[in-house]
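For reference, the structure discussed in these notes is given below.
Chain naming here is simple, since letters A, B, ... match the order of the sequence lines and numbering starts at 1 in each.
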Number of protein chains: 2
Amino acid sequence: MSDSDTSVVSRLRKLIGEGAFRQGERLGEVAVAEQLGVSRTPVRLAFRTLEQEGLLQRAGKRGFRVREFTEADVLCAVEVRGALEGLAARRLAEQGMSPALTAELEFWIQKGRDLLAKGYLEEQDVEVWSELNRHFHENIVGSAGSSVIGDAIARNNHLPFAAADSIIIDSEALDREYRKLQLAQVQHELVVQALRHGEGARAEMLMREHALIGLRYAELLDVGRHAPSG
Amino acid sequence: MSDSDTSVVSRLRKLIGEGAFRQGERLGEVAVAEQLGVSRTPVRLAFRTLEQEGLLQRAGKRGFRVREFTEADVLCAVEVRGALEGLAARRLAEQGMSPALTAELEFWIQKGRDLLAKGYLEEQDVEVWSELNRHFHENIVGSAGSSVIGDAIARNNHLPFAAADSIIIDSEALDREYRKLQLAQVQHELVVQALRHGEGARAEMLMREHALIGLRYAELLDVGRHAPSG
DNA sequence: AAGTGTTGTTTTGGATCCAAAGTAGATATC
DNA sequence: GATATCTACTTTGGATCCAAAACAACACTT
């Protein structure tokens, strides 16, 4: 509704994501309110929202604390996104794609091809990829016939490390990121191929695997870099 | 925290689930507050929680409205639960089950056998099954190595028709429900079998199918009833 | 010495007040 | 007659006040 209502939520979300609070730290309403320069009311509202998002946990009978995340949680959150996006892809393949949706997906696929065509990655390309990646995923999830899947994914994505566009972090090693995006692009194209052919199981499996690219492809990419020089 | 804080949430949740409000109806803070006999403050807090749970939607710039659910939403919510519980089962199968967990699952399986052994269903058996079913599912989801999956399922289950124990509605046709529970029992046993053997893919698939029992098994059960008499 | 009861402090929950934003209705103007 | 603007009313957001619950420290009793 008003700016500050949602803004307190997103400001807190940002602070938590940045690690401004220790994991498990207890958050008092007054302390946070003073820190953000607002009264207790919007903070109280925000705490309820953040609790549901999974970023805060009730601390016993009184107050909230910052949710602690293990490495297993991170992996699980990514797998959850994969499972849900895979479900969306399977449903979409089974119900068939509209020409408009096919064209839309092809458009973003082409954008990816264009981006990677020059053979390397520049700093500003990261933002472009993030955009097209977001559109690609949102189009698939949003066309699965019900907003329930999309809502579940959105809730999962509130965990800062689970979102699809958290692929890119390392803007130092751009050559390495380039190879990662090449793989992501191939996966995108294969997903669309499977969707067009109505191959539900394949679309689901590809989408699920695609979710893991940010976590499990690290060694693969390093091997790829060393092989040509060795 | 206090009773009424959570109680306003659950009272509203119940009212919405019972259809006390029309789908899409706009909910004003003052109106609801008066109806529940509290002030606006706890209602405002509850609205934020219910929004995150997916039961309320923001109505443009002002206020909230009751979320409208289509039949596709119901099916999707059940499939989402299946996908997530399937993911939990696969992870559990791959990481291996502790002896304690195996014993626990066997315990609830045996309870199910006992319940169905007499060959028919009584009114009070429904509650017993609901209990053991809940324990069975919670044990699997809670042992998947991270609470992230369980949280996602819990959020999904806030949709009143999506929860696992919404299997049973029809306490009139107890013979029909008996056959349904027989199938559910078989599925439970097969899931445990797959889990014990570390068959991740099979466990996942079985769990996913199991989620559909409340929706997709209707005709099958009717056929089963008519076949012996024809 | 251990456990229990009491008191004081801290923190949250609920109610109310005020301001701001939004909506609708009416009037005036083109 | 239609559109635009102004005004009055409705509804929500933010701040503050008060009460109640929880936690901690201390003292008292057994």
Discussion item. Using heavy-atom distances to pick each residue's nearest nucleotide on DNA chain D, tell me which of A:R40 and B:V30 is more 5'.
Written reply: B:V30
Fill in: Separation of atom CG in B:L45 from atom C1' in C:dG13, rounded to whole Å
8 Å
Discussion item. So, does B:S39 get its side chain near the phosphate of C:dA15, meaning an N or O under 4.0 Å from OP1 or OP2?
Written reply: yes
Fill in: Whole-Å distance separating the CD atom of B:E51 from the P atom of D:dG13
10 Å
Practice prompt. Tell whether A:R44 reaches the base of C:dG14 with its side chain through a donor-acceptor pair below 3.5 angstrom.
Written response: yes
Worksheet item: Please give, in whole Å, the distance from D:dA22 P to A:K61 NZ?
Response: 6 Å
Discussion item. Tell me the interatomic distance from A:R58, atom CZ, to C:dT11, atom P, rounded to whole angstroms.
Written reply: 17 Å
Practice prompt. List for me each residue that meets ring pair (Phe, Tyr, Trp, His ring centres under 6.0 Å) alongside A:F69, sequence neighbours excluded, and say none if there are none.
Written response: A:F161
Worksheet item: Applying ring-ring contact (aromatic ring centres under 6.0 Å, His included), which residue pairs with at least one partner in residues 7-31 of chain A are found, sequence neighbours left out?
Response: none
Item to complete: Rounded off to whole Å, could you give me the CZ-to-P distance for the A:R26 and D:dA24 pair?
Response: 9 Å
Fill in: A:R44 and A:S39: side chain donor to acceptor below 3.5 Å
no
Practice prompt. List in chain and number order the residues that pass ring pair (Phe, Tyr, Trp, His ring centres under 6.0 Å) with B:F136, two or more places apart in sequence or in another chain; answer none if no residue qualifies.
Written response: B:H188
Discussion item. As a test of reading the structure: which of C:dG13, D:dA22, D:dG13 is closest to the side chain of A:R48, going by heavy atoms?
Written reply: C:dG13
Discussion item. I'd like to check the salt bridge (Lys or Arg N to Asp or Glu O under 4.0 Å) partners of A:E79; sequence neighbours left out, ordered by chain and number.
Written reply: B:R90, B:R91
Discussion item. Quick check on the helix from C:dA1-D:dT30 to C:dC30-D:dG1: what's the angle between its two end axes, five base pairs per end, to the nearest 10°?
Written reply: 20°
Discussion item. The side chain of B:V38 is closest to which nucleotide in this list: D:dA15, C:dA15, C:dT11?
Written reply: C:dA15
Worksheet, complete the sentence: note: B:E34, atom CD; D:dT11, atom C1'; distance rounded to Å ~ 13 Å
Item to complete: To the nearest Å, give me how far apart CD (B:E29) and C1' (C:dG22) are.
Response: 14 Å
Response to the item:
side chain to side chain contact (heavy atoms under 4.5 Å, CB included) filter on B:Q185, not counting sequence neighbours, yields B:I109, B:R113, B:L116, B:W129, B:E189
Worksheet item: Between C:dT10 atom P and A:R62 atom CZ, what is the distance in whole Å?
Response: 10 Å
Fill in: Short side-chain to backbone donor-acceptor contact, B:E25 and B:R22, under 3.5 Å
yes
